[in-house]
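Encoded as structure tokens, the structure appears first; notes follow it.
Chain naming here is simple, since letters A, B, ... match the order of the sequence lines and numbering starts at 1 in each.
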2 protein chains.
Amino acid sequence: MDRFKDVLKASNLKSTHQRLAILDCIDMFGHIDVDTLYEAILRKYPTMSKATLYRNINDLISFHILEEVKLPNQKQQYEIKKVPHIHLLCTHCGCVEDVFVETKTLLDAVKDKSGFTISNSFIVMNGTCELCSSQVISNNTQNTCSLEMQTL
Amino acid sequence: MDRFKDVLKASNLKSTHQRLAILDCIDMFGHIDVDTLYEAILRKYPTMSKATLYRNINDLISFHILEEVKLPNQKQQYEIKKVPHIHLLCTHCGCVEDVFVETKTLLDAVKDKSGFTISNSFIVMNGTCELCSSQVISNNTQNTCSLEMQTL
DNA sequence: AATAAATAGGATAATTAATATCTTATTAAG
DNA sequence: CTTAATAAGATATTAATTATCCTATTTATT
Ligand SMILES: [Mn+2]
Ligand SMILES: [Mn+2]
Ligand SMILES: [Zn+2]
Ligand SMILES: [Zn+2]
């Protein structure tokens with residue numbers, strides 16, 4: 001249990017309840033923005049200060065434990081850092097999915113054409129997720145692909 | 001002269017000096033963030049309110065005349081909307097370059113693997129631009145690939 | 001050119017977002 | 001258990017963005 005204790009220890013960060021709650025919650029949601037995250041965490045830790053959340057998000061990012069996910073026309077989200085991957089944003093239900101596909105061919109093409117030495121890439125694609133396209137959805141209906149928080 | 005008058009007229013937007021200055025300035029820089037833009041515009045229009053800038057940026061985006069460019073670990077930038085392309089951000093000098101390469105192969109691969117219907121993609125790559133890699137640059141030296149504003 | 005309606009700008013206030021400060025509490029090591 | 005180091009919470013501060021309201025400008029029409 002609490003795999004994140006080890007992650008924190010590896011960076012010499014103390015395993016506070018708040019940090020573990022933040023990491024667990026982000027992990028559970030997959031991808032989440034600050035406000036949704038704060039709201040969710042308040043259910044378990046009604047006393048947590050928003051400053052603590054911001055402070056920790058920034059600290060955890062600088063230790064490469066978290067990673068920011070910038071989405072077009074959306075609030076910034078965060079995720080547990082994993083191997084490089086592509087993000088898919090469903091413009092119907094708002095869910096964010098990870099896809100792990102090879103990008104080397106594209107990177108090489110860009111490198112050749114531009115002369116840039118490329119160190120990493122951030123790829124987001126907009127579209128409609130499988131669930132949203134299977135269901136014929138009226139304009140004002142929303143799927144809830146994104147995980148609902150039960151108890152944390 | 002003032003190709004942007006036609007652009008504005010096409011969206012039934014009035015050609016105010018402020019709007020034209022904003023568009024000219026963004027066009028000249030290529031990619032620019034709000035603060036740099038405001039600073040640059042103040043040189044020609046010392047009276048322009050920041051509210052006017054924000055208001056216009058948002059309006060012009062909603063009419064698809066401008067487009068936001070979200071960069072990792074950077075302030076949001078803006079550009080004149082053009083055909084889809086990839087952005088290269090040089091982590092040494094901060095310049096942003098456009099590259100026009102075919103992405104269909106990658107999009108198809110993602111589509112196949114995920115089941116998503118993809119409508120558009122936002123691709124940013126981090127790295128070192130040609131100029132920065134040609135010059136052996138000390139850690140605290142910065143190139144100035146990005147255009148300096150002369151007179152507007 | 002003058003007129004008038006529609007739209008946009010400027011000043012400012014109000015919101016919202018993010019960070020900094022400081023004191024108390026918690027963690028983790030010995 | 002004690003202690004030093006670190007982090008949390010409360011709050012203040014700063015920064016970023018949006019809203020309001022009144023005046024100015026644009027543009028179509030005469
Ligand atoms: Mn992800
Ligand atoms: Mn561009
Ligand atoms: Zn969906
Ligand atoms: Zn460079």
Side-chain angles (χ1 to χ4, degrees), chain A residues 1-2 4-26 32-63 65-66 68-78, chain B residues 1-2 4-26 32-63 65-66 68-78:
Chain A
M1 269 277 74
D2 267 334
F4 290 119
K5 283 194 172 179
D6 304 321
V7 175
L8 291 170
K9 172 162 275 179
S11 296
N12 287 312
L13 295 170
K14 293 189 172 174
S15 286
T16 63
H17 297 136
Q18 292 86 342
R19 273 183 189 149
L20 292 171
I22 290 169
L23 289 169
D24 282 340
C25 190
I26 294 178
I32 191 171
D33 65 272
V34 203
D35 290 329
T36 314
L37 180 56
Y38 187 56
E39 208 186 326
I41 287 181
L42 277 186
R43 294 187 212 161
K44 190 163 190 197
Y45 289 97
T47 70
M48 190 192 289
S49 164
K50 208 160 194 180
T52 299
L53 181 56
Y54 275 110
R55 181 168 7 88
N56 275 308
I57 286 178
N58 291 334
D59 292 350
L60 293 169
I61 285 176
S62 69
F63 279 100
I65 296 169
L66 289 184
E68 57 173 32
V69 181
K70 294 203 170 179
L71 304 166
N73 310 115
Q74 295 268 327
K75 288 187 67 176
Q76 166 127 334
Q77 301 203 5
Y78 301 92
Chain B
M1 269 275 75
D2 267 334
F4 290 119
K5 282 194 172 180
D6 303 323
V7 175
L8 290 171
K9 174 161 275 178
S11 295
N12 287 313
L13 294 171
K14 295 189 174 175
S15 287
T16 64
H17 298 136
Q18 292 87 341
R19 273 182 189 151
L20 293 171
I22 290 169
L23 290 169
D24 282 340
C25 191
I26 294 178
I32 191 171
D33 66 272
V34 204
D35 289 329
T36 314
L37 180 56
Y38 187 56
E39 208 186 324
I41 286 180
L42 277 187
R43 296 187 210 161
K44 191 166 191 195
Y45 289 97
T47 70
M48 190 193 288
S49 164
K50 207 159 193 179
T52 299
L53 181 57
Y54 275 110
R55 181 167 8 89
N56 275 307
I57 286 178
N58 290 335
D59 291 352
L60 292 169
I61 285 175
S62 69
F63 279 101
I65 296 169
L66 288 184
E68 58 172 32
V69 180
K70 295 203 170 177
L71 303 167
N73 309 115
Q74 296 268 325
K75 288 188 65 175
Q76 166 127 334
Q77 301 203 5
Y78 301 93

How long is the gap from CG on L37(B) to CD1 on I22(B), to the nearest 0.5 Å? 6.5 Å
Kindly point out which of dA8(C), dA7(D), dG9(D) is positioned nearest to the side chain of L13(B)? dA8(C)
Of all the choices, dA8(C), dA11(C), dG9(C), which nucleotide is nearest to the side chain of S49(B) once you look at every atom? dA11(C)
Expressed as a whole number of angstroms, how long is the span from Y45(A):OH to dG9(D):P? 10 Å
Please confirm whether the backbone N or O of K14(B) pairs with a side-chain atom of R19(B), one donor and one acceptor, at under 3.5 Å? yes
What is the distance, to the nearest angstrom, from the CG atom on L20(A) to the C1' atom on dA7(D)? 13 Å
Could you check how far CD of E68(A) sits from P of dA17(C), rounded to whole Å? 17 Å
Below 4.0 Å: OP1/OP2 of dA8(D) and any side-chain N or O of N56(A): yes
Rounded to the Å, how far apart are I22(B) CD1 and dG9(C) P? 7 Å
Whole-Å distance separating the CG atom of D35(B) from the P atom of dT14(D): 17 Å
Inter-residue atom distance I57(A).CD1 - I65(A).CD1, 0.5 Å rounding: 13.0 Å
For T52(B) and for S15(A), find the nucleotide of DNA chain C with the closest heavy atom, then tell me which residue's nucleotide is more 5'. T52(B)
Verify, without hydrogens or angle tests, whether Y38(A) (side chain) and M48(A) (backbone) share a donor-acceptor contact under 3.5 angstrom. yes
Measure from the side-chain N and O atoms of S11(A) to the backbone N and O of L13(A), and report whether any donor-acceptor pair falls under 3.5 Å. no
Atom NZ of K5(A) to atom C1' of dT27(C): distance rounded to whole Å? 11 Å
Below 3.5 Å between N/O atoms, which protein atoms pair up with nucleotides 19-26 of chain C? Just atom names and distances, please.
{"residue": "dT19(C)", "atom": "OP2", "partner": "N58(A)", "partner atom": "ND2", "Å": "3.0"}

N12(B) CG to dT7(C) P, straight-line distance once rounded to whole Å: 9 Å
Taking NZ in K9(B) as the centre, count heavy atoms belonging to other residues, nucleotides or ligands within less than 6.0 Å. Is the count above 12? no
Set of residues satisfying side-chain contact (heavy atoms from CB on, under 4.5 Å) with respect to Q76(A), sequence neighbours excluded: E68(A), K70(A), Y78(A)
Separation of R19(B) atom CZ from dG10(C) atom P, in whole Å? 11 Å
